[in-house]
Amino acid sequence: MAILNDNSSGMDDFGYKESLDRSLGKFASFAAGVSYISILTGTFQLFYFGFGTAGPAYLWSWPAVFVGQLCVALCFMELAAKYPVAGSVYNWAKLLGRRIVGWSAGWLMLTASIVTLAAVALALQLNLPRIWSGFQIIGDGSGATDFAANAVLLGAILIAITTTINALGVRLMAMINSAGVFIELIAAVLIAILLAANITRGPEVFFSSNGYGAGESGGYLGAFLVASLASGYVMYGFDTASSLGEETVEPRRTAPKAIFRAILASFVIGGAILVFAVMAAPDLNDPSLGSPDGSLQSIVESVMWGPLGTVFLICIVIAVFVCSLAVHTAAIRLTFAMARDNALPFGESLAKVNPKTQTPVVPAVTIGVLAIVILVVNIGQPQIFTVLTSIAIIMIYLAYLMVTGPLLVKRIKGEWPPEDLKPGGYFTMGKFGLPVNIAAVVWGAGMAINLAWPREAVYGTPWYNTFGAFVYIGGILGVGLLWYAVKGRKHIGTLKSHASTGN
């Protein structure tokens, strides 16, 4: 891999011209990564699954996932220091590996992001009706489909709002997202402090299986591997900071720092909430802790007083909102990045940038509509929707692996890192690059296997749900590759409307 000319944005290396609004600062870039990970959304949605499966000691999966994902993030930081471009995972995989690798990474990441947007939007149902019963718009909650139908309605309204915000321009998106992340971070820190002030037991609870896994295949290790999915489902999406690189000021310096700060802040604050929650829980044998109806919310509410409970729920709603906004934003940039390479159907339309807002409006609307369509599945087939949202995470891990894998090959061949990073003061891992990259690949492969392993406890029945990771991912990738083989590979190439004059 030849060392390419140094430039301020990495755009020339791909032959792209500047077409987006470069106005984002350091905090906005950091906020994009944090809001995608979303401390409050992820931890409060999935605590019940981890705790209910493996008890308090499941929290050891939190630092384990952090270390693994940090290795991936460090690789991404090096890439962002050289190539901070839209649709980062797609463009990095395309540059490092063969074109089919890049396209497959982009396709998996895009479809997973659309499903993830739908899944995050559903979380409003868990909180809004608890703030005010009037948010239960469909029925009173007692009907067979009241809960699911109302969740879809609230989710659809949220997606319509994120579509509008994204269509109006990146500055508005960044302003709202940054404000929401600021509120979420303050709330998360206060929740951690409040829980710490009410602890009733010591840390020894984390050093015992507490009876979990007894009599099961694999013992506690088997239960722990299943429970670790709760942590694995939270700590990803930090690459969003780089995917907004074409709209960030000094992106080669800003994006790597934003990636690191996003994953570190999420680990520290989210970990503090989880640890102190277990230590402050009134009764660890309460079965509601392993149920979506109780979960982490019930522990936090037990130490609240007066109106704090309502404030806490409002903060979670804000977290869900900015998380949805960030996921939608990242999906738009990925769609735009692939479309300007004519790597998606209707590429010319999807790559069109509105001259007034300097943002891709067609992808914003298209992704919003597709996410709402996927939401509707939840009304009649909630198990299939659960499987789809679970495998979406696996697809993202696979997309990450399609970056770290080819990067490792380049590194072994001595073709990475570029020679301009260290002299230019840009981020590089130096001599630690090879071991960290190896760890990132091993971690990514291992976690993908663990996430995809057919388990009825996770994916349910019948067999096509149990083996859903292979069935659905195979189907999604198969449909995409069919289009690629029949039409895509013959037409892929930078559209004239986006090619730099020097290309």
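What you see is a predicted model; the values in this text were computed from it and never measured.
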Worksheet entry | Min side-chain heavy-atom separation I131-V317 under 4.5 Å | yes

Item to complete: Mark yes or no for whether N166, through its side chain, and M173, through its backbone, hold a donor-acceptor pair below 3.5 Å.
Response: no

Item to complete: Keeping to residues at least two apart or across chains, list the ring-ring contact (aromatic ring centres under 6.0 Å, His included) pairs with something in residues 322-376.
Response: F336-H498

Discussion item. Set out, in order, the CA-CA distance, both residues' side-chain angles and the distance that settles side chain to side chain contact (heavy atoms under 4.5 Å, CB included) for T310 and I314, then state yes or no.
Written reply: CA-CA 6 Å; T310 301; I314 291 173; 4.1 Å; yes

Worksheet entry | Heavy-atom closest pair, residues A331 and L110 | O-CD1, 3.9 Å

Worksheet entry | Minimum heavy-atom distance between S242 and I259, given as atom pair plus value | CB-CD1, 4.1 Å

Item to complete: Quick one: pull up CG in L313 and CG in L308 and give me the separation to the nearest 0.5 Å.
Response: 11.0 Å

Worksheet item: So among L477, V387, I394, which one has a side-chain contact (heavy atoms from CB on, under 4.5 Å) with Y472?
Response: V387

Discussion item. Quick check for you: to the nearest 0.5 Å, what is the distance between L325 atom CG and I161 atom CD1?
Written reply: 10.5 Å

Worksheet item: Parallel, tilted or perpendicular: which fits the ring planes of Y36 and Y236, with parallel below 30° and perpendicular above 60°?
Response: perpendicular

Fill in: Closest heavy-atom pair and its distance - S295, P292
CB-O, 4.3 Å

Practice prompt. Please check if the side chain of R261 supplies one atom and the backbone of F27 the other of a donor-acceptor pair under 3.5 Å.
Written response: no

Discussion item. Under a 3.5 Å distance rule, please check whether S243 uses its side chain to pair with a backbone N or O of A86 as donor and acceptor.
Written reply: no

Worksheet entry | Closest heavy-atom pair and its distance - G180, V322 | CA-CG1, 3.5 Å

Fill in: V65 side chain near M447 side chain, heavy-atom distance below 4.5 Å
yes

Worksheet item: Within a strict 4.5 Å, meaning less than it, do heavy atoms of the R455 and T466 side chains meet?
Response: no

Discussion item. Is the ring pair F47/F51 parallel, tilted or perpendicular, if the boundaries are 30 and 60 degrees?
Written reply: parallel

Worksheet item: W103 side chain to A343 main-chain N or O, any donor-acceptor pair under 3.5 Å?
Response: yes

Item to complete: Give a yes or no on whether W483 atom CH2 has more than 12 heavy-atom contacts from other residues, nucleotides or ligands under 6.0 Å away.
Response: yes

Practice prompt. Could you tell me which non-hydrogen atom of I396 sits nearest to which non-hydrogen atom of A112, and how far apart they are?
Written response: CG1-CB, 3.6 Å

Discussion item. Side chains of W107 and I476, heavy atoms from C-beta outward: is any pair under 4.5 Å?
Written reply: yes

Worksheet item: Between S178 and M175, is there a donor-acceptor pair closer than 3.5 Å when you use the side chain of the first and the backbone of the second?
Response: no

Worksheet item: So, S302 side chain and I299 main chain: donor-acceptor pair closer than 3.5 Å or not?
Response: yes

Show me, pair by pair, the donor-acceptor contacts under 3.5 angstrom made by side chains of residues 361-384, not counting sequence neighbours?
residue	atom	partner	partner atom	Å
T366	OG1	V362	O	2.8
Q383	NE2	Y459	O	2.8

Practice prompt. Output yes when a side-chain donor or acceptor of E246 lies under 3.5 Å from a complementary backbone atom of L20, and no otherwise.
Written response: no

Worksheet item: Between T359 and R333, is any pair of side-chain heavy atoms under 4.5 Å apart?
Response: yes

Discussion item. Run the side chain to side chain contact (heavy atoms under 4.5 Å, CB included) test on I492 and Y484 for me, step by step, so that the C-alpha distance in whole Å, both residues' side-chain angles and the decisive distance to 0.1 Å come before the verdict.
Written reply: CA-CA 9 Å; I492 289 180; Y484 180 88; 3.4 Å; yes

Worksheet item: Looking at A326 and T240, what are the two nearest heavy atoms and their distance?
Response: O-CG2, 4.4 Å

Discussion item. Let's go through M279 and T200 carefully: what are the C-alpha distance in whole Å and the side-chain angles of both, what is the deciding distance for side chain to side chain contact (heavy atoms under 4.5 Å, CB included) to 0.1 Å, and is it a yes or a no?
Written reply: CA-CA 6 Å; M279 295 173 69; T200 59; over 6 Å; no

Item to complete: Kindly determine whether M338 and M109 satisfy side chain to side chain contact (heavy atoms under 4.5 Å, CB included), including the steps that lead there.
Response: CA-CA 11 Å; M338 296 184 72; M109 192 78 183; over 6 Å; no

Response to the item:
One should read off an interatomic distance between F44 CZ and I316 CD1, to the nearest 0.5 angstrom, of 4.5 Å

Practice prompt. Evaluate the criterion ring pair (Phe, Tyr, Trp, His ring centres under 6.0 Å) for residue pair F76 and W92; output intermediate values, then yes/no.
Written response: CA-CA 9 Å; F76 284 9; W92 294 340; 5.2 Å; yes

Item to complete: Find out whether L264 and L70 are in side-chain contact, i.e. whether some heavy atom of one side chain is under 4.5 Å from a heavy atom of the other.
Response: no

Discussion item. Can a donor-acceptor pair be found, under 3.5 Å and without considering hydrogens, that links the side chain of N450 to the backbone of L225?
Written reply: yes

Practice prompt. State the CE-OG1 distance between M395 and T111, to the nearest 0.5 angstrom.
Written response: 4.0 Å

Worksheet entry | R171, CZ atom: more than 12 neighbouring heavy atoms under 6.0 Å | no

Discussion item. I'd like to know if the side chain of Y233 and the backbone of Q45 have a donor-acceptor N/O pair within less than 3.5 Å.
Written reply: no

Worksheet entry | Flag, side chain of T41 to backbone of I37, donor-acceptor distance under 3.5 Å | no

Fill in: Point-to-point distance, once rounded to the nearest 0.5 Å, from CG of L398 to CG of L108
6.5 Å

Item to complete: Drop me the distance from R340's CZ to T335's OG1, to the nearest 0.5 angstrom.
Response: 12.0 Å

Worksheet item: Would the number of heavy atoms belonging to other residues, nucleotides or ligands and lying under 6.0 Å from CZ of F182 be above 12?
Response: no

Worksheet item: Looking at side-chain heavy atoms only, is the closest gap between S324 and I159 below 4.5 Å?
Response: no

Item to complete: Decide yes or no for T357 and D21: does some side-chain heavy atom of the first lie under 4.5 Å from some side-chain heavy atom of the second?
Response: no

Worksheet item: Can Y400 and D239 be said to form a side-chain hydrogen bond (donor to acceptor under 3.5 Å, both in side chains), step by step?
Response: CA-CA 9 Å; Y400 284 2; D239 56 290; 2.3 Å; yes

Item to complete: Using distance alone, with no hydrogens and no angle criterion, decide if S35 and E184 have a side-chain donor and acceptor under 3.5 Å apart.
Response: no

